[in-house]
Amino acid sequence: MPLALLALAVGAFGIGTTEFVMMGLLPEVADDLGISLPAAGHLVSAYALGVVVGAPLLSAATARMSRRTVLIALMGLFVAGNALSACAPDEHWLLAARFLSGLPHGAFFGVGAVVATAMVTPERKARSVSLMFLGLTVANIVGVPVATLMGQHLGWRATFLGVSAIGVAAIAALALLVPRDRGQAPATGLRGELAALRSLPVWLALGTTVAGFGALFAAYSYITPMLTDAAGYADASVTLLLALFGVGATAGNLLGGRLADHSLRGTLFGGLTALAAVLALFPLLMRTELTAALAVVLLGTAAFVTGSPLQLMVMEKASAAPSLASSANQAAFNLANAGGAWIGGLALAAGFGVTSPALTGAALAVLGVAVASLAYAVDRRCAPVAGRERVVASHLPQESQALHR
């Protein structure tokens, strides 16, 4: 595996840290700015909104640029957003800075996935994507806990200055390790990238991402009350248990990348089925501390087994112009974050019990299997047509073949 993947992983580590650390710093931010906790919660939403808006817009705006240059520019925007967050004088400026920090998120992962797969042989594409995502999952084990402790002891502004420093390190790594000849501008341009999004298989792949990761966030958004109210853990133990989730996510990410290189669709179906099973068992697993800890690890593993296959599937369905579709998959991931949390909250509000969000997540995972099955049926239906077209073209005279193309 090329060293350039390390540079992408460093950038992913910084992005993963800044995305999730705000959840742990909400009390400190609220106290310092003199706002309520619900108002501080809008800072999480502002970042997610920035991801959803920035993923397609920045990918489209940079469609003709060298991908290496795009990655460096996106990390520059990331550094600026986090530095402005550290200096924000009030909640309104901080909301704007968090939105700005989220803008490069989706485009970085989208373009980064295209660059990562271009640097390896076809049989290692999924593994290369999983190694880039490794920075995101490791951030949940190391980056978020360390950044949270830094914010609690040195002030939340120090956390965002530290994240900015990670971004600067990522820029240096990208400049040094990503080869120039691997990051040249694609020939398709904006029109080709937009045309790729008109494909039904691309939208089915994006729909699978929304359903699959919506299943994860329906449960994970309410994992703390499940662990404390159902399993009986003390509040102080939750941080360690969330690190266990990161361990499971890291293991699942690496496993999914390796398995997907052998069977992309098989890994996707297996991961979604395992996720549905784990979430369906949550009410039982949350009855004791030991089984609850196991449930947290299994949740991270099952969910992130599907990460690399979903990213690669979107890119393959838009193979002629993958950058915009790849970035749109990151926007779909964040829509899943918001939508899954909302659906899980409906189950709680209806009084179905503290573990009920996990059961709604299981239903969403089954929906993900259904959407993936529909995508498979569409692929099988289109494959014979594509095959006949290739056979007809191969028997045409040379001049006719040129016209046919």
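Quick note: residue numbers are just sequence positions, from 1.
No donor-acceptor pair closer than 3.5 Å links the side chain of Ser237 to the backbone N or O of Tyr233. Between the side chain of Tyr222 and the main chain of Gly345, a donor-acceptor pair closer than 3.5 Å is present. Here the side chain of Asn253 pairs a donor or acceptor atom with the backbone of Ser130 at under 3.5 angstrom. Looking at Ser164, its side chain does come within 3.5 Å of a backbone N or O of Ala83 through a donor-acceptor pair. Looking only at distances, no side-chain donor or acceptor of Thr306 sits under 3.5 Å from a matching main-chain atom of Leu272.
Taking the six-membered ring for Trp and thresholds of 30 and 60 degrees, Tyr220 and Phe217 have ring planes more than 60 degrees apart, a perpendicular arrangement.
The side-chain heavy atoms of Leu242 and Asn140, taken from C-beta on, include no pair separated by under 4.5 Å.
The CG atom of Leu294 sits 11.0 Å away from atom CG of Leu299, with the distance rounded to the nearest 0.5 Å. With values rounded to the nearest 0.5 angstrom, Leu279 atom CG is found 11.0 Å from Thr355 atom OG1.
Taking the six-membered ring wherever Trp is involved, the centroid distance between the rings of Tyr47 and Phe99 does not fall below 6.0 Å. Centroid-to-centroid, the aromatic rings of Phe333 and Phe109 stay 6.0 Å apart or farther.
Side-chain atoms of Arg157 and Ser85 form no donor-acceptor pair, as typed in the model, at a separation below 3.5 Å.
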